[in-house]
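Read the structure below first, then the notes.
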Amino acid sequence: MSSQRSFFNRRLHSLLGVIPVGFFLLEHLYTNYLATKGPQEFIKQVEWLWGIPFLPLLEVFFIFLPLLYHGVYGLYIAFQAKNNLERFGTFRNWMFVLQRITGVITLVFVIWHVWETRLQVALHGSTATELTRDFAQIISNNVTFTLYIIAVLSAVFHFCNGMWTFLITWGVTVGQRAQRVSFAIFTFLFVVVSYLGISALVAFSKADFLQHLALK
């Protein structure tokens with residue numbers, strides 16, 4: 001692969017990780033967080049999203065294809081990368097390695113999650129209520145719940161650390177001070193967004209969540 005083509009692919013990979021993949025992650029976690037307010041709030045948001053005009057086309061061209069490119073090319077970068085932890089055990093080297101590891105975990109999780117949710121809806125024509133019930137049943141399993149916790153933390157870390165490096169790569173944060181401020185901001189964002197994601201999982205896993213759903 002020529003250096004010019006490699007440069008273009010890496011920049012496109014970086015850009016797609018922010019827009020639209022990063023935006024979709026934040027929106028998805030926010031939607032899930034509404035489950036903390038009760039199943040009906042989550043269902044209402046899902047039904048609103050499903051009512052967006054031309055949703056299948058938007059999902060294919062603005063979510064799935066960008067996500068596929070970002071994930072597959074990210075795997076190529078991960079397996080081509082030369083990690084120097086043994087010689088250069090610096091903080092940034094560790095973050096570099098964690099970025100690759102969490103990227104692989106996130107890609108595997110997304111494939112699994114899409115199969116369990118979105119594809120099942122498409123194959124069986126499930127309603128938003130049925131989707132909510134099915135997901136709550138999935139999360140009620142302790143093993144699955146733990147795997148989802150790991151996956152959410154991995155996805156959020158991958159996004160936040162990726163945003164930090166994105167701003168450096170694109171020349172937004174050039175100096176060390178700007179990079180330190182940016183790192184502090186995205187560390188705070190990691191904590192906040194992780195809280196949203198984990199809170200949603202806890203809400204879905206509660207025994208009375210399905211009971212409230214059954215009463216509606």
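Residues take their numbers from the sequence shown, with the count starting at 1. The shown structure was predicted, so the numbers you read here are calculated from the model rather than taken from an experiment.
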When you look at L68 and V72, which way does the side-chain contact (heavy atoms from CB on, under 4.5 Å) test go after all the steps? CA-CA 6 Å; L68 180 64; V72 172; 3.8 Å; yes
Donor-acceptor pairs under 3.5 angstrom involving side-chain atoms of residues 197-208: please list them, not counting sequence neighbours.
unit_1 : atom_1 : unit_2 : atom_2 : d
S199   : OG     : Y195   : O      : 2.7
S205   : OG     : L201   : O      : 3.3
S205   : OG     : V202   : O      : 2.8

Count the heavy atoms belonging to other residues, nucleotides or ligands that lie under 6.0 Å from CD1 of I19, then report whether that count exceeds 12. no
Give a yes or no on whether the backbone of T169 and the side-chain of R11 come within a donor-acceptor separation of less than 3.5 Å. yes
Is there a side-chain contact (heavy atoms from CB on, under 4.5 Å) between L58 and I52? Walk through the geometry before answering. CA-CA 9 Å; L58 293 175; I52 295 175; 3.8 Å; yes
Can you see which heavy atom on T132 is nearest to which on P39, and at what distance? CG2-CB, 4.5 Å
With a 4.5 Å limit on heavy-atom distance, are the side chains of P56 and V60 in contact? no
Taking atom CZ of F62 as the centre, does the number of heavy atoms from other residues, nucleotides or ligands within less than 6.0 Å exceed 12? no
Ring centers of Y73, Y76 separated by less than 6.0 Å: yes
Quick check against the 3.5 Å criterion: does S182 have a side-chain atom that pairs as donor or acceptor with the backbone of A178? no
Say whether, by atom type as modelled, one donor and one acceptor occur between the side chain of H13 and the main chain of H70 under 3.5 angstrom. yes
Steps toward side-chain contact (heavy atoms from CB on, under 4.5 Å) verdict (F23, V18): CA-CA 7 Å; F23 174 79; V18 179; over 6 Å; no
Tell me whether the rings of H113 and F109 are parallel (<30°), tilted (30 to 60°) or perpendicular (>60°). parallel
Is the CH2 atom of W50 crowded by more than 12 outside heavy atoms at less than 6.0 Å? yes
Assess R100 against F96: is NZ or CZ under 6.0 Å from the centre of the six-membered ring, and within 45 degrees of the ring's axis? yes
Does CH2 in W112 sit with more than 12 non-hydrogen atoms of other residues, nucleotides or ligands closer than 6.0 Å? yes
Could you go through V121 and T117, starting from their C-alpha distance and side-chain angles, then the distance that decides it, and tell me whether this counts as side-chain contact (heavy atoms from CB on, under 4.5 Å)? CA-CA 6 Å; V121 169; T117 56; 5.8 Å; no
Ionic contact status for K44 with E41, cut-off 4.0 Å: yes
Using only atom types and a distance under 3.5 Å, with no angle test, would you say the side chain of E130 pairs donor to acceptor with the backbone of T127? yes
For E47 and A128, which heavy atoms make the closest approach, and how far apart are they? CG-CB, 3.6 Å
Using a 4.5 Å cut-off on heavy atoms from C-beta on, say whether the side chain of W164 contacts that of Q179. yes
When you compare the side chains of Y148 and N141, does any donor N or O come within less than 3.5 Å of an acceptor on the partner? no
Donor-acceptor contact present, side-chain S194 to main-chain V191, <3.5 Å: no
